[in-house]
Visitor: 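Quick one: this structure, given as structure tokens, is what I'll be asking you about.
Scope of the values below: all heavy atoms of this structure, side chains included, with no hydrogens, waters or symmetry mates.
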Amino acid sequence: GKRVAVEGVVLTADSVNANYVLHQDASGVQATVSADITPRPLAVVCAGASKTYGDADPALTGEVGELASGDTGEGIAFSREAGEDVGTYAIGATWDNANYSLVVTPASLTIAQASLTASNATIAPIPDQPFAAGEVCPVPEVTWRAGDGTSRTLELGRDFTVSYASNVEAGEATVTVSGAGNFRADSSVGATFRIVPTTVDLPRAVGGLAYTGRAQAGVTYDAELCTVEGGSAAAAGEHEATVSLVDPRNSSWADGTTAPVRVAYSIARADIALAAIDPLPAQVAGSRPAEPEVYASFSGIPLVEGRDYALSYENNARPGTATAVLDGRGNFRGTATAAFRVEEAVRALPVHRMYNPNSGEHFYTLSAAERDALVAAGWSYEGVGWRAPSAGDDVYRLYNPYSGDHHYTPSAFERDHLVGLGWRYEGVGWRSDTQRRVPLYRDYNPNARVGTHNYTTSAAEHRALVAAGWTAEGTAWYGM
């Protein structure tokens, strides 16, 4: 009946003691106590296993540690990492039992390469192959039956490699299928197939060829089974190609023959009108007809006079539009033309300078008859004022019927403006030099009513007039 106090009591299966009764406290009330029961650790050692690729998995087992009394270990499951290719896969164990905590020692399942043998690998019959003037290498269709009873078609490169023997000439050839990947490289199966003489289409001429300046194929043929001489040409005309079989023993033409075949083909002459002709520069008329040099090309290739064309000219003796004519020769037919200008030779024409002592006007004219008439009327002839070109830019002559004054200008705008004010247009007086060799100074007298303008090539005269009060109006036009 003695009371004792204890702390940290751990109950086990053997904790019952008739000498003691647990009480909650000193009051003598008997205690109700809760306790935690933890899972029991259980060691499981997986057993290693192996198989050959394609076989079913062996039964996976292992050793199980000590169980609690009355437990059998039923439900412990052994499994492996997924995968069927050759390699190593982890083996583990699980048990759906909350009373145990498995401590697993894993192992491995090893999948070894399978062998290709006559009993498990089949090569489908290979149809006859035509001679190809080189190695004939048909890809075999290989079916393999696995150890688990399933069958599948193997893939070249992944499951097997191939090698050939006697596979060039017509006759019996051999293909050997050797393992790769999941199959042993030293295992193989073989089969035979036939190479038969091949029939080659007869060569044919290419139609519709026209000269391009570059070589063109004139015959079509099987380039793998044939050789050709003279099969291409650049020049226009008739050509002949000779086409031969590479191996007459193993091939023949479609008509059953084997001798070389001659094929005629033609290249038509090109139309020279399609040639490019550089623009021809303007020519100056002279004692001989104008004959500018001609540069022509076809597809970027320069043409040669005498070989590719004959050159002649039309309407080239006088000023106007002339024509260069190219008549096709050799590789060309037809005619090509190129126009060019023949211009009159520029002559220096004297412009006569006249002075009216009564009005103070200067007058200018190309006409000797007009010059002489004015002299007879009392005008003073001051000689040749300058020389004007026979061809160039127009200089217009105008007359004021109210004042009797003349005016000269290369400006069509100024001409039309004066006409609008009542001046009379008298036509082109002369022409201005387009090469601008000799300037004509234009000066204006603001105090005069007649002879208001003076035109001179003399810089000294120009400066003197400006010093005397005339207004310099720049260059009027140009002489020679």
Visitor: So Asp433 and Val438, do their side chains get closer than 4.5 Å, heavy atoms only?
Guide: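 No; the side chains remain at least 4.5 Å from each other.
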Visitor: Salt bridge or not for Glu229 and Arg262, using N-O below 4.0 Å?
Guide: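 Looking at Glu229 and Arg262, the cut-off is not met.
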Visitor: Looking at Ser390 and Arg347, would you say the former's side chain and the latter's main chain have a donor-acceptor pair under 3.5 Å?
Guide: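 Yes; at least one donor-acceptor contact below 3.5 Å.
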Visitor: I'd like to check Trp253 versus Pro203 (side-chain heavy atoms, cut-off strictly below 4.5 Å). Are they in contact?
Guide: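 In short, these two side chains touch, coming nearer than 4.5 Å.
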Visitor: If I compare all heavy atoms of Ile111 with all of Gly83, which pair ends up nearest, and what's the gap?
Guide: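 Closest approach of Ile111 to Gly83, heavy atoms only: CD1-O, 3.8 Å.
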Visitor: Taking atom types as modelled, find out whether Ser119 and Thr117 have a side-chain donor-acceptor pair closer than 3.5 angstrom.
Guide: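 Side-chain D/A pair, Ser119 to Thr117: present.
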Visitor: Taking the ring centre of each residue, are Tyr364 and Tyr455 less than 6.0 Å apart?
Guide: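 Ring centres of Tyr455 and Tyr364 closer than 6.0 Å.
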Visitor: Verify whether one side chain among Glu414 and Thr409 offers a donor that lies under 3.5 Å from an acceptor in the other.
Guide: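 The criterion, which ignores hydrogens and geometry beyond distance, is satisfied for Thr409 and Glu414.
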Visitor: Any heavy-atom pair between the side chains of Val175 and Pro140 that's under 4.5 Å?
Guide: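 The answer is yes, as the side chains (C-beta and beyond) meet within the 4.5 Å cut-off.
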Visitor: Is a donor from one side chain sitting under 3.5 angstrom from an acceptor on the other, for Arg341 and Thr321?
Guide: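 Yes, a side-chain donor-acceptor pair sits under 3.5 Å.
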Visitor: Would a 4.5 Å heavy-atom cut-off, applied to side chains only, mark Asp394 and Pro410 as touching?
Guide: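 No, every pair of side-chain atoms sits at 4.5 Å or beyond.
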Visitor: What heavy-atom pair brings Glu344 and Ala285 nearest, and what distance separates the two atoms?
Guide: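 Shortest heavy-atom separation between Glu344 and Ala285 comes out as CA-CB, 4.5 Å.
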Visitor: Treating Glu291 as the side-chain partner and Pro289 as the backbone partner, does any N or O pair qualify as donor plus acceptor under 3.5 Å?
Guide: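 Side chain of Glu291 to backbone of Pro289: no pair is present.
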Visitor: Does Pro197 have any side chain to side chain contact (heavy atoms under 4.5 Å, CB included) partners at least two apart in sequence or in another chain, and if so, which?
Guide: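 Applying side chain to side chain contact (heavy atoms under 4.5 Å, CB included) to Pro197 gives Ala170.
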Visitor: The criterion is side chain to side chain contact (heavy atoms under 4.5 Å, CB included); which residues satisfy it with Ala464, sequence neighbours excluded?
Guide: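 Side chain to side chain contact (heavy atoms under 4.5 Å, CB included) check on Ala464 returns nothing, list empty.
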Visitor: What is the minimum heavy-atom distance between Arg269 and Gly328, and which atoms define it?
Guide: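 Taking Arg269 first and Gly328 second, the nearest heavy atoms are NH1-O, 4.4 Å.
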Visitor: Measure from NZ or CZ of Arg80 to the centre of the six-membered ring of Tyr89 and say whether it is under 6.0 Å with the direction within 45° of the ring axis.
Guide: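 The answer is yes, since Arg80 meets both limits relative to Tyr89.
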Visitor: Is there a side-chain contact between Glu473 and Asp443 (heavy atoms, below 4.5 Å)?
Guide: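 No, too far: nothing below the 4.5 Å cut-off.
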Visitor: Is a side-chain N or O of Asn331 found less than 3.5 angstrom from the main chain of Ala236, in a donor-acceptor match?
Guide: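 Answer holds: yes.
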Visitor: First locate atom OH of Tyr211, then atom CZ of Arg214, and finally report the distance between them rounded to the nearest 0.5 Å.
Guide: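 Reported to 0.5 Å precision, the distance equals 9.0 Å.
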Visitor: In Å and rounded to the nearest 0.5 Å, what is the CG to NE2 distance from Leu440 to His462?
Guide: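 It is 12.0 Å, given to the nearest 0.5 Å.
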Visitor: Quick one: pull up CD1 in Ile195 and OG in Ser166 and give me the separation to the nearest 0.5 Å.
Guide: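 It is 8.5 Å, given to the nearest 0.5 Å.
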Visitor: Go through the steps for Trp144 and Tyr53 under the test ring pair (Phe, Tyr, Trp, His ring centres under 6.0 Å), then give the verdict.
Guide: CA-CA 12 Å; Trp144 175 70; Tyr53 174 74; 5.5 Å; yes
Visitor: Less than 6.0 angstrom separating the ring centers of Tyr396 and Trp430, yes or no?
Guide: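 No; Trp430 has its ring centre 6.0 Å or more from that of Tyr396.
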Visitor: How far apart are the closest heavy atoms of Arg204 and Val263, and which atoms are they?
Guide: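 Looks like C-CG1, 4.0 Å.
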Visitor: Which residues satisfy the salt bridge (Lys or Arg N to Asp or Glu O under 4.0 Å) test with Arg397, sequence neighbours excluded?
Guide: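 If we apply the salt bridge (Lys or Arg N to Asp or Glu O under 4.0 Å) test to Arg397, skipping adjacent residues, the hits are Glu370, Glu426.
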Visitor: How long is the span from the CH2 atom in Trp423 to the CG atom in Leu398, to the nearest 0.5 Å?
Guide: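 Result: 7.0 Å between the selected atoms.
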Visitor: Any donor and acceptor pair, going by atom type alone, linking the side chain of Gln113 with main-chain N or O of Gly181 inside 3.5 Å?
Guide: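 Side chain of Gln113 to backbone of Gly181: a pair is present.
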Visitor: Taking Trp477's backbone N and O only, do any of them form a donor-acceptor pair with Thr475's side chain (distance below 3.5 Å, no angle check)?
Guide: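 Side chain of Thr475 to backbone of Trp477, a donor-acceptor pair under 3.5 Å: no, none is there.
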Visitor: With salt bridge (charged side-chain N to carboxylate O under 4.0 Å, His left out) as the rule and sequence neighbours excluded, what pairs involving residues 445-471 come up?
Guide: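 Counting only pairs at least two positions apart or across chains, the salt bridge (charged side-chain N to carboxylate O under 4.0 Å, His left out) contacts touching residues 445-471 are Arg353-Glu461.
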Visitor: Leu225 and Thr198: side chain to side chain contact (heavy atoms under 4.5 Å, CB included), yes or no, with the steps?
Guide: CA-CA 9 Å; Leu225 299 175; Thr198 190; 3.8 Å; yes
Visitor: With Asp159, which residues qualify under side chain to side chain contact (heavy atoms under 4.5 Å, CB included), at least two apart?
Guide: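 Asp159: side chain to side chain contact (heavy atoms under 4.5 Å, CB included) contacts with Arg152, Leu154, Glu155, Phe183.
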Visitor: Could you tell me which non-hydrogen atom of Arg431 sits nearest to which non-hydrogen atom of Val395, and how far apart they are?
Guide: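 Taking every non-hydrogen atom into account, C-CG2, 4.2 Å.
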Visitor: Working note: Val196 + Phe131, criterion side chain to side chain contact (heavy atoms under 4.5 Å, CB included); need CA distance, chi angles, decisive distance, verdict.
Guide: CA-CA 6 Å; Val196 297; Phe131 171 77; over 6 Å; no
Visitor: Among side-chain atoms of Asp85 and Asn182, is any donor-acceptor pair under 3.5 angstrom?
Guide: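 Present: a donor and an acceptor within the cut-off.
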Visitor: Check the surroundings of atom CZ in Arg158: do more than 12 heavy atoms from other residues, nucleotides or ligands lie under 6.0 Å from it?
Guide: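 Counting other residues, nucleotides and ligands, CZ of Arg158 exceeds 12 neighbours.
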Visitor: Measuring from Glu81:CD to Ser108:OG, what's the distance to the nearest 0.5 Å?
Guide: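 If I round to the nearest 0.5 Å, the distance is 9.0 Å.
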Visitor: Mind checking whether Val139 and Val162 have side chains closer than 4.5 Å, heavy atoms only?
Guide: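 No, their side chains stay 4.5 Å or more apart.
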Visitor: So which of Glu361, His362, His453 actually passes side-chain hydrogen bond (donor to acceptor under 3.5 Å, both in side chains) with His406?
Guide: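 Among Glu361, His362, His453, the one that satisfies the side-chain hydrogen bond (donor to acceptor under 3.5 Å, both in side chains) with His406 is Glu361.
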Visitor: Are side-chain N/O atoms of Asn250 and Glu169 paired as donor and acceptor at under 3.5 Å?
Guide: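 Checked: Asn250/Glu169 side chains pair up, N/O donor to acceptor below 3.5 Å.
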Visitor: Taking atom CG of Asn120 and atom OG of Ser187, what is their separation to the nearest 0.5 Å?
Guide: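 Asn120 CG to Ser187 OG: 8.0 Å, rounded to 0.5 Å.
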Visitor: Just checking, any donor-acceptor pair under 3.5 angstrom between side chains of Thr335 and Asp327?
Guide: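 Result is yes, a qualifying pair exists.
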Visitor: May I ask you to check whether Thr257 and Asp255 show a side-chain donor-acceptor distance below 3.5 Å?
Guide: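 Judged by distance alone, the side chains do pair up.
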Visitor: Should the ring pair Phe193 and Tyr164 be called parallel, tilted or perpendicular, given that the plane angle runs from 0 to 90° and is split at 30 and 60?
Guide: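 Perpendicular: the ring planes of Phe193 and Tyr164 meet at over 60°.
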Visitor: Within a strict 4.5 Å, meaning less than it, do heavy atoms of the Asp55 and Asp148 side chains meet?
Guide: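 No, their side chains stay 4.5 Å or more apart.
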Visitor: Where do Val219 and Ala241 come nearest, in terms of heavy atoms and distance?
Guide: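 Smallest heavy-atom distance, with atoms named: CG1-CB, 4.0 Å.
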Visitor: What's the verdict on side chain to side chain contact (heavy atoms under 4.5 Å, CB included) for Ser178 and Thr161, showing C-alpha distance, side-chain angles and the deciding distance?
Guide: CA-CA 5 Å; Ser178 300; Thr161 60; 3.8 Å; yes
Visitor: Please tabulate, one pair per line, all N/O donor-acceptor pairs under 3.5 Å involving side-chain atoms of residues 294-319, not counting sequence neighbours.
Guide:
from: Asp308; atom 1: OD2; to: Val304; atom 2: N; distance (Å): 2.8
from: Tyr313; atom 1: OH; to: Pro292; atom 2: O; distance (Å): 2.5
from: Asn316; atom 1: ND2; to: Ala290; atom 2: O; distance (Å): 2.7

Visitor: Could you go through the side chain to side chain contact (heavy atoms under 4.5 Å, CB included) check for Thr456 and Asn454 one step at a time?
Guide: CA-CA 7 Å; Thr456 181; Asn454 185 69; 4.0 Å; yes
Visitor: Would you say that Val261 contacts Thr242 through its side chain, given a criterion of any heavy-atom pair below 4.5 Å between the two side chains?
Guide: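 When only atoms from C-beta onward are counted, Thr242 and Val261 do not touch, as no gap falls below 4.5 Å.
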